[in-house]
Structures are given as C-alpha cells and as structure tokens.
Protein chains: 2
Amino acid sequence: MLRADNPQYLREITSSPHLGSGPDCLHALFGRQPIEHLSAGQSLFFEGDAARHLFEVLEGGLRIFKILSDGRRVITGFLQAGDIVGVSLRNHYLYSAEAIVDTKVRRILRKAFEAEVSSSPELRPEVFARLCDEMAAAQDQMVLLSRKSAEERVCTFLLKQLHRNPGHRQANPIVELPMTRLDIADYLGLTIETVSRTMTKLANKGILASAGRHSVRITRYCALVQLSGDDEYDGDEGGLIAYGGGQRH
Amino acid sequence: MLRADNPQYLREITSSPHLGSGPDCLHALFGRQPIEHLSAGQSLFFEGDAARHLFEVLEGGLRIFKILSDGRRVITGFLQAGDIVGVSLRNHYLYSAEAIVDTKVRRILRKAFEAEVSSSPELRPEVFARLCDEMAAAQDQMVLLSRKSAEERVCTFLLKQLHRNPGHRQANPIVELPMTRLDIADYLGLTIETVSRTMTKLANKGILASAGRHSVRITRYCALVQLSGDDEYDGDEGGLIAYGGGQRH
DNA sequence: CGCATGCTTGAATTTAATCAACCCTAGTGG
DNA sequence: CCACTAGGGTTGATTAAATTCAAGCATGCG
C-alpha cells in the first residue's frame, strides 16, 4: 500500500548478499530468511517478551510502543522499509511492535546476529552507528515531548516523515502518513483532537493541504521549518545543524 | 559535597587496573589519566562540538542537556560517579554537559577508546550494555514526558534518584538532589513552580519530608511507587518488572 | 548584617485535554 | 449499483492542568 512502490530499497539490499560488501551489509544477515507477512494491526512481539529475534522491515511499517498499566500508550517510534528492529536490547524487548499497515519482515535469531556481529569487524561499526542514530532520535524526541508546543510537535513530525521518504526535494512534496491520527497523537504526546485541530490550523495558514486521510501536501516548506521550533535544517539530508554553542556559562 | 562521601566506587574502579579483569573493566581505560576538577556550573563540552574525548565521572555530577534556539532547555540526563559520558555518539556531541556541583572527571581520547574497544572482545559487550541501558532510560523518559502527570513525573524522578544511590534499602531513606529545582524542572518537562508545588503536596500527604534544599526523606515509599504511574518495582535493583503483555490486539 | 540566589506560595492565564456532536469515507451487503 | 454502517476524523464547548506573572520567604555567602 504505502511504501511498496519504491523498489530501490529492495534492489539495494539484495545486491549485497555477502558480509562486508557494503555500507548496509547488516541487511545481508537477513538475506536467506523467509519473508513473513503481517496484516495491519498485527503484533510482532510484546514488551517484556524474551527477545529471541531481530527483524528487518522489507515493506510496510511498524509502530513500537510502551503501555502504562492504566492503558496510556506511548509510541516511541515508527519503522519502515530498511529499518531493523531490536538492535538496542538485551534479554527482553523494551517495547511492543505492531504493523500499522500490511507489512513484510524477515527475522534472524538474536544469538546468530550477535555471533555474526562479534566475529565481523565490518559489521560492528554499522551496529554501533545504528545504535547512535537511535539514541540521537530518542534525544530529539525528548526535546519535542518536553518543551515543544502542539504546533511545533506536529510540524516537527511532518518534517521528519517528509525527510525520511524519497521525493522530499520536489516542489510541493507529499508526506505519507500511513498511521492513524491516534498513532500520531500517541507519538507526539497529544490527543487526536489536538492533532486534528493543529493540522487544520496549518492548512488554514496555507502551509499544507490535505491530500486524503493518509497524506498531506506541504505547500510552504520554509514556514513549516520555522514553526517546528528547531534550528534551521541544513540544505540536504534532514539533519539539524549542530551549532557549536557557547551560550550558557 | 554530595556523593564524595562514598569511597566504595573509587575502591572498585582502582581495583581493576587491567583490561578484562572484571565486569567494569571499561573504567580501566581511564586509569592512568590525570584527574580534572570542574567547579559547579562549569561546562565540560557543548552540543555540536567535535567529540574528541570520552569522560569518566569520578565524583560529583553532571547534567547533560540540549537547548532550543529560543533558549528552552531540556535536560536529558544526570550523570554521577561511575558513569561514562559520550559512549553514544559519532562525530559530534549530541548534547552539552555541565557540572552541577564540584566534580572530578578523567578523559580519554575517543580514538583511543574506540581502538581499545574494537580490539578487546571483553570490552565490547560492556559498551553495548551501556548503550542499551542508555536507550532503555531514554525510552522510559519518553513515557514520562509523553503521558505522565506532574505528580507522576516527580515521584518517578525521586524513585530513580533513590535507587541509583547507596542506602536505598533502609527504613526512611534519604534522596539526594544535588541539582537545583530548575534542573529538575528542565529534566521533567515542567516549571520550577510546578515541581515545587508538587513536592509540597507530596509532603502534605506524608509521603516525604523536606530535609534541606538538596535532600528529601521518603516516609511512605509504597505510596511513592503507586503515584509514580509505573507498574510495581521488583524487590531489588530498581528495575521495572517487564510484564509479558498481551493486552493489545 | 545585608544582599543575592534559589525556592515557595498565590492569582490569573493559557494550553491542551475532555466531553460531546457530527461528518466523511471506505468497505459491506442488499 | 447504491444505501448503510462502522471506524476514523473533525469541530465545538467546557474543563482541568500546568504555565505565567507576581510577590514574598529562606538560606547561604560576602
């Protein structure tokens, strides 16, 4: 349904079947495993389960989340094609994972993964890099949840979704939002009503235009960046300019 | 001032001077480095700086934080004796670090650290474990910031501070809070007023008693746990019981 | 002793949550 | 093929929680 229509990714991962043959050789570990199909809403694993497998997302998307005892849900991330689930865990899964749409994954035993990684000096930096990226994303999310207004949260989210998908450089790009409003709300620490109202407000400002339930056209990218509350994005790959500060003490 | 008076830690780390001689051999990497003194408020490094060193905290404490362009500050963690700063980073520091009290640290070149780690199969699991712990803490913090009330946040924070210090098993334990109320507020995503009011309310409920500006006596531990919004703590090391869920889908 | 900083308390305001209708659309069955 | 329905989404009115603004209090330091 959603990201099934970009075969670049599949080509890329299948073109590096041997360990150490490229920057994404981590995917090669999953190469010979059978593809598993998850239908929308289906669980992959639960928080607290013994972490026996790692998963590679081939197509579709997952939400990963934690639930408080009284039912409050916090989505800590969305995963899509190319992502690997479960790198940062020890004996038990830190969170639950569910498909947000029909999704294809491959799995590998965690033991096998760890054995491969510890025996391959080529793989280790890649694992390390993924962990650090995950950590950086978690830090950004803490900033968002801690100090950003509803509008800033929604704008930040839209930008993040935009930058992670192909075609984010064109004139009036479309952001795909395969998840529901409730998912977005639980990811941004808001309610569905607030998410909805904020999107409407952004539409009224001419910053975006609704393009069906699961996508949005960005009409004023610069304004979106301004309203996201972050420092300006650098020209290309969606990272923030790190400013080598000096403003406190 | 604060944690200077528990020499156990110093004994522990100096008793394992050789690589691979114990579960905490990571500290041995810093063993021959000179001790550096930071006075309260002093910066160690800034977000965005080239990450040339890793630091080991010997005594005292640090806050690590990010700042939005308009000055809003988010403290993403507090570090104390035994912690290592900078494991989860690539080329630039993800955050700034400042001493919250007079603090002693040792530093090691990141290149040297990485060389040592990649050449030592004993060290690697330890680095990995620290990264995973950091990730788990970040996830918990996201839950706190996303969905917990002011009271739940403060209770969670007090429990976390309590469990990380020695002597948390005694009858009416004392929680040390070396940081200011502003630090706590910026860590919990609240204002100082809300933190202050919430502490007062907890005191009125008989759950805690003020014991000077920088420490608090916990008088009803169980009530504190209830109010923290988490599932019950397990008997010992302050971790949450992971419940092998099954409540959604 | 007196100031400055950090902390507490109170009143007013603001933001987002909650409660409640209603709408839209995709999918179903007649 | 079209009407119906259910779920997700939007919009509006009200409420609650935390922030903001403002004042006063303690503690620690010169």
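To find a chain, count down the sequence lines: A is the first, B the second, and so on, and within it residues start at 1.
- The distance from the CG atom of Asp183(A) to the CG atom of Leu188(A) is 10.5 Å, given to the nearest 0.5 Å.
- Side-chain nitrogen and oxygen atoms of Arg181(A) include at least one within less than 4.0 Å of the OP1 or OP2 phosphate oxygen of dT10(D).
- OP1 and OP2 of dT15(C) both lie 4.0 Å or more from every side-chain N or O belonging to Ser149(A).
- Listed pair Thr194(B) / dA18(D) fails the phosphate criterion, with no side-chain N or O lying under 4.0 Å from OP1 or OP2.
- Across the protein-nucleic acid pair, Leu202(B) atom CG and dC7(C) atom P stand 17 Å apart, rounded to whole Å.
- The pair Asp140(A)-Lys148(A) does not count as a salt bridge, with every side-chain nitrogen at least 4.0 angstrom from each carboxylate oxygen.
- Spacing between atom CD1 of Ile184(B) and atom P of dC7(C) amounts to 8 Å, rounded to whole angstrom units.
- Among the atoms of the strands shown, only primed sugar atoms or phosphate atoms (P, OP1, OP2) are found under 4.0 Å from some heavy atom of Gly189(A).
- On a pure distance criterion of 3.5 Å, a polar donor-acceptor pair joins the side chain of Arg197(B) and the base of dG10(C).
- In this structure, Leu182(A) places its CG atom 16 Å from C1' of dA6(D), rounding to the nearest Å.
- Mapping Arg147(A) and Arg213(A) onto DNA chain D by nearest heavy atom places Arg213(A) at the nucleotide closer to the 5' end.
- Just one residue in the list Leu38(B), Ile100(B), Asp83(B) forms a side chain to side chain contact (heavy atoms under 4.5 Å, CB included) with Leu62(B), and that residue is Leu38(B).
- Contact check, Thr191(A) against dA17(C): a side-chain N or O comes under 4.0 Å of OP1 or OP2.
- Residue Ile64(A) holds its CD1 atom at 12.0 Å from OH of Tyr93(A), rounded to the nearest 0.5 Å.
- If you find the closest nucleotide of DNA chain C to Lys201(A) and to Met199(B), the one lying nearer the 5' end belongs to Met199(B).
- Rounded to whole angstrom, the span from the CZ atom of Arg72(B) across to the C1' atom of dT15(C) amounts to 14 Å.
- Here the C1' atom of nucleotide dT19(D) and the CD1 atom of Ile192(B) are 11 Å apart, to the nearest Å.
- Between the CG atom of Leu177(B) and the P atom of dC7(C) there is a distance of 10 Å, rounded to whole Å.
- The CD-C1' distance, from Glu151(B) to dA17(D), rounds to 12 Å in whole Å.
- No option in Arg63(B), Arg72(B), Lys66(B), Arg73(B) other than Arg73(B) meets the salt bridge (charged side-chain N to carboxylate O under 4.0 Å, His left out) test with Asp186(B).
- We find that CD of Glu193(B) is positioned 10 Å from P of dC21(D), with the value rounded to whole Å.
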